[in-house]
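One structure is given here, and the rest of the page talks about it.
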Amino acid sequence: MKTQEYLIHSSYITARTSLPLYTEEYRYTAHLSEAAHSHEFLEVGIILSGRMMHKTERGNRLLTEGCVYFIPDGHSHALEPEPGLIVRNLYLLPKIFLSDASEESTPVMLQDFLLYFTDPGLRQTAEIRLPQDQLTAVRSLLEACDTPPCCDLLSDAFRYHCLMNVLLLLCDSFGRACPECLVRRDARIYRILRLIRENLSLSTGDLLRTISAELFLNPQYINRLIKKELHTTLSALILDTRIEKSCELLLKGHTITETAAALAFYDHSHFHKAFVRRLGMTPSEYQKKNFTGL
């Protein structure tokens with residue numbers, strides 16, 4: 001898997017859509033081999049027709065109609081499609097979804113699904129097969145996504161909800177196929193995620209004190225809890241969430257200076273460097289590409 005390996009950055013998604021979710025369809029008319037590649041996002045591939053050999057670090061497997069593969073960021077895979085293969089890819093940024101998925105109305109399974117694919121201590125490549133009724137539903141949703149029956153002002157929202165419903169169906173099938181993967185975390189983790197999202201205007205120190213007071217836990221214990229449950233640090237989790245929220249603010253027309261101030265970055269330079277490290281482009285490049293549709 002090391003030969004001819006290349007990396008697709010998360011900017012591949014953000015340069016094409018203002019959403020943390022993007023889809024493409026590929027049709028193969030000849031037998032060929034695609035080089036091994038990895039990502040900075042989660043790739044989900046749905047085989048709509050035909051067959052292909054799928055190569056991952058877990059081995060090679062023949063995938064046919066109805067099969068779905070999940071490639072977390074940092075993991076590699078390669079494809080050997082046969083003529084007639086049609087595969088629909090969904091690319092998503094799970095950490096961005098998590099900032100909204102801590103809402104009480106979000107299905108528990110979806111929260112656990114997203115946490116699994118953001119957890120470097122657990123995540124790995126996976127393959128499942130959709131039941132026929134779910135495959136039929138996925139096809140219908142993708143067809144609706146491609147031809148939204150609404151005006152331009154509403155089409156993005158319509159497509160987003162179509163893809164979200166596809167994601168929910170995939171989440172359901174993944175949970176049935178790999179129940180051991182969707183381990184329910186300590187309930188306090190979900191409260192911490194919500195508190196971070198709701199208090200991003202606070203400095204990191206004040207935010208930590210807010211979480212500590214809300215959960216009646218000392219900061220050292222909260223850090224240990226985050227490391228145990230999410231295999232990251234609280235400061236890294238807060239910074240990731242700030243960057244994710246900044247994407248939303250930038251796309252709503254806020255200036256870079258306004259965004260940096262609203263999210264308690266030290267200054268413009270601090271925001272600029274953190275954004276580039278996370279998304280592979282500057283805040284101004286992100287705004288320009290999304291506003292121009294490039």
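Note that the numbering runs from 1 along the sequence shown for the chain. Because the structure is predicted, anything quoted here is derived from the model rather than measured.
Hydrophobic clustering (ILVMFWY, side-chain heavy atoms < 4.5 Å, transitive): L62 and M52 are in distinct clusters. Hydrophobic clustering (ILVMFWY, side-chain heavy atoms < 4.5 Å, transitive): M109 and V138 are in one cluster. Note: the hydrophobic cluster containing I71 does not contain M53 (ILVMFWY, side chain heavy atoms under 4.5 Å, direct or indirect links). L207 and Y221 fall within the same hydrophobic cluster, where Ile, Leu, Val, Met, Phe, Trp and Tyr residues are linked whenever their side-chain heavy atoms come under 4.5 Å apart, directly or through other members. Grouping the Ile, Leu, Val, Met, Phe, Trp and Tyr side chains by contacts below 4.5 angstrom, directly or via other members, places L163 apart from F158.
A tilted orientation is assigned to the rings of F265 and F271, their planes being inclined by 30° to 60°. Between Y91 and Y22, the ring-plane angle classifies as parallel under the 30° and 60° cut-offs. Note: H77 and H39 have tilted aromatic rings, judged against thresholds of 30 and 60 degrees for the angle between ring planes.
By the 4.5 Å heavy-atom criterion applied to side chains, H54 and T125 are not counted as neighbours. Residues S269 and K273 meet the side-chain proximity criterion, which asks for heavy atoms closer than 4.5 Å. V166 has its side chain within reach of I46: a pair of non-hydrogen atoms, C-beta onward, lies under 4.5 Å apart. For the pair N89 and E43, the minimum side-chain heavy-atom distance is below 4.5 Å. You'll find the side chain of L230 stays beyond 4.5 Å of the side chain of T118, heavy atoms only. Counting only heavy atoms from C-beta outward, the side chains of T241 and I238 never approach each other to under 4.5 Å. Two residues are said to be in side-chain contact when any heavy atoms from C-beta on lie closer than 4.5 Å; L79 and V87 fail this criterion. A 4.5 Å side-chain heavy-atom check between Y69 and I47 finds at least one atom pair inside the cut-off.
Distance CG/N218 to CZ/R224: 6.5 Å, rounded to 0.5 Å. Atom-to-atom distance recorded for D73:CG and L92:CG is 10.5 Å, nearest 0.5 angstrom. To the nearest 0.5 Å, atom OG of residue S212 and atom CD1 of residue I192 are 10.0 Å apart. Expressed to the nearest 0.5 Å, how far CZ of R58 lies from CD of Q124 amounts to 4.0 Å. The line from CD1 of I196 to OG1 of T210 is 11.0 Å long, rounded to the nearest 0.5 Å. Taking CD1 of I189 as the start and CD1 of I226 as the end, the distance is 4.0 Å to the nearest 0.5 Å.
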Stepwise, does the side chain to side chain donor-acceptor pair (under 3.5 Å) test hold for R129 with T64? CA-CA 9 Å; R129 178 178 291 277; T64 58; 2.7 Å; yes
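At most 12 non-hydrogen atoms from other residues, nucleotides or ligands lie less than 6.0 angstrom from CD of E143. A 6.0 Å sphere centred on CZ of R27 holds no more than 12 heavy atoms belonging to other residues, nucleotides or ligands. Within 6.0 Å of the CZ atom in R139, the count of heavy atoms belonging to other residues, nucleotides or ligands exceeds 12.
Side-chain contact annotation: T257 with T255, donor-acceptor N/O pair under 3.5 Å absent. Side-chain contact check for Y26 and E34: no donor-acceptor pair (N or O, by modelled atom type) lies under 3.5 Å.
When all heavy atoms are compared, the tightest approach of S38 to G74 is CB-C, 4.3 Å.
Remark: aromatic rings of F117 and F174 are close, center separation under 6.0 Å.
Side chain of D172 to main chain of L168: no donor-acceptor pair is present (N/O by atom type, distance under 3.5 Å, no hydrogens or angles). Using a distance-only test at 3.5 Å, with no hydrogens or angles considered, no donor-acceptor pair links the side chain of R123 to the main chain of Y116.
Taking a cutoff of 4.0 Å between a charged side-chain nitrogen and a carboxylate oxygen, R191 and E229 do not qualify as a salt bridge.
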